[in-house]
Amino acid sequence: MWLAAIQLVSGRHWQDNRTQIAAELAALPAERPLLVLLPENFALFGERQGYLDGAETIGPDLSGAAPIQQQLAAWAREHGIWLVAGAMPTRIPGSDHIHTSSLVFDPAGALKGHYHKIHLFDVDVADNQGRYRESETFSPGDAPVTVDSPFGPLGLSICYDLRFPELYRQLARAGARVLLVPAAFTAVTGEAHWEPLLRARAIENQCYVVAANQGGTHETGRQTWGHSMVIDPWGRVLACQSAGRATVLAQMDGGLVDELKRTMPVMEHARLL
């Protein structure tokens, strides 16, 4: 079993981003099963109005009104992969806000589950943007989500969620064996905190972590940290890409998860739930 994270430097327009993603998917190795994670804002990376205009309604009927989801399903079928759309804008009926959502497609192109980002990035950062207020555009989700797969249950999260360990503990208690972290972590916060937080989430929950980040300077001038990586349950970084567009790939050993849970049963020892 193989785990992959695609790192991008996405722009404002879906058509351009689609071309970048297609090139990475075409270069994937032949081994299956393979899980591929796209980063946050893989389809659209820009300003508020662009997200609002590009938002799609989530649903099994992937009509012409959902071109991004149509393409994701087609890619999953074409390449025979589990494809996780890291985060894209999705509509909320009757609201002037939207969700940012992660969608999971199986190798038949079926939508197996989705998650709405719970923790919104309303933060001041010492970079060239300075102020981030996701709550001006997005509404938070309200529930952790796991999705069954051949890799074991997948625990879904998005970017700023990474700073909230209680979410990942809930996912682990729900049986997650792979934690997915699509992101657009800023260069400033990423350099300081990205890898330590990812490794902590892997170690404390005894799960694999697949983290797909944006990785460069975008059209808007925003700078993202990159360093997409796959981490094993012992906290070892198995593969990493520092910057630019690329795919990181590592093999998953399900037996390692079982062995660690047997020899160091931290979930059983936890006393503060």
Side-chain angles (χ1 to χ4, degrees), residues 6-22 37-59 61-75 83-103 105 111 114-142 156-162 181-190 212-226 245:
I6 293 180
Q7 182 166 289
L8 300 171
V9 186
S10 298
R12 292 183 176 93
H13 304 295
W14 164 233
Q15 299 298 333
D16 295 337
N17 298 328
R18 184 175 68 175
T19 299
Q20 293 188 57
I21 297 166
L37 176 65
L38 298 174
E40 185 179 28
N41 298 336
F42 69 90
L44 305 163
F45 196 114
E47 294 85 9
R48 181 176 193 271
Q49 194 58 50
Y51 296 132
L52 294 172
D53 293 343
E56 296 184 359
T57 299
I58 296 175
D61 179 18
L62 303 183
S63 66
I68 298 172
Q69 292 174 79
Q70 277 190 311
Q71 181 62 82
L72 293 165
W75 278 331
L83 181 60
V84 183
M88 59 175 282
T90 62
R91 294 194 182 99
I92 304 172
S95 175
D96 62 354
H97 277 50
I98 56 178
H99 285 307
T100 184
S101 307
S102 187
L103 284 68
F105 294 87
L111 179 63
H114 66 270
Y115 162 75
H116 302 311
K117 184 177 184 179
I118 292 175
H119 302 99
L120 301 181
F121 193 55
D122 286 2
V123 174
D124 296 330
V125 176
D127 64 8
N128 59 1
Q129 181 160 328
R131 181 180 184 272
Y132 297 84
R133 294 294 183 271
E134 286 188 339
S135 64
E136 293 177 353
T137 303
F138 300 98
S139 290
D142 57 11
L156 305 186
S157 68
I158 299 172
C159 200
Y160 190 49
D161 284 334
L162 182 59
V181 189
F185 243 68
T186 71
V188 171
T189 59
N213 200 19
Q214 294 281 348
T217 300
H218 302 264
E219 289 179 81
T220 60
R222 181 171 165 182
Q223 295 176 312
T224 48
W225 177 238
R245 193 187 89 197

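The analysis underlying the following values was restricted to heavy atoms, covering all of them including side chains, and did not include hydrogens, waters or symmetry mates.
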Do other residues, nucleotides or ligands put more than 12 heavy atoms under 6.0 Å from Asp142 CG? no
Can you sort out the partners of Gln20 under side chain to side chain donor-acceptor pair (under 3.5 Å), two or more places apart, ordered by chain and number? none
Side chain to side chain donor-acceptor pair (under 3.5 Å) against Thr217, all qualifying residues, sequence neighbours excluded: none
Test side chain to side chain contact (heavy atoms under 4.5 Å, CB included) applied to Leu120 and Tyr160, step by step: CA-CA 7 Å; Leu120 301 181; Tyr160 190 49; 5.8 Å; no
Donor-acceptor side-chain pairing of Thr90 and His99 below 3.5 angstrom: no
Any chance you could lay out the side chain to side chain contact (heavy atoms under 4.5 Å, CB included) test for Leu8 and Asn17, step after step, and finish with the verdict? CA-CA 8 Å; Leu8 300 171; Asn17 298 328; 5.8 Å; no
Side chain to side chain, [X] and [Y], heavy atoms closer than 4.5 Å:
X      : Y      : value
Phe42  : Ile68  : yes
Asn213 : Pro39  : no
Gln7   : Arg245 : no
Phe138 : Tyr51  : yes
Lys117 : Cys159 : yes
Leu44  : Arg12  : no
Ser10  : Gln214 : yes
Leu38  : Val84  : no

Using modelled atom types and a 3.5 Å cut-off, is there a donor and acceptor pairing between side-chain atoms of [X] and backbone atoms of [Y]?
X      : Y      : answer
Asp127 : Gln129 : yes
Thr189 : Phe185 : no
Arg48  : Glu136 : yes
Ser102 : Gly86  : yes
Gln69  : Leu103 : no
Asp122 : Ser135 : yes

Start with the C-alpha distance between Leu37 and Leu83, add both sets of side-chain angles, then the distance that settles side chain to side chain contact (heavy atoms under 4.5 Å, CB included), and finish with yes or no. CA-CA 6 Å; Leu37 176 65; Leu83 181 60; over 6 Å; no
Identify which one of Thr224, Val181, Ile158 satisfies the side-chain contact (heavy atoms from CB on, under 4.5 Å) criterion when paired with Glu40. Ile158
Member of Leu72, Asn41, Thr100 meeting the side-chain contact (heavy atoms from CB on, under 4.5 Å) criterion with Met88: Leu72
Any chance you could measure Phe45, atom CZ, to His218, atom NE2, to the nearest 0.5 Å? 4.0 Å
So NE2 of His116 and OG of Ser101: to nearest 0.5 Å the spacing works out to 4.5 Å
Asp124: salt bridge (Lys or Arg N to Asp or Glu O under 4.0 Å) partners, not counting sequence neighbours: Arg133
When you check the gap from the basic side-chain N to the acidic O, do Glu47 and Arg222 get nearer than 4.0 Å? no
Mind listing the closest non-hydrogen atom pair of Ala55 and Ile98 along with its distance? CB-CG2, 4.0 Å
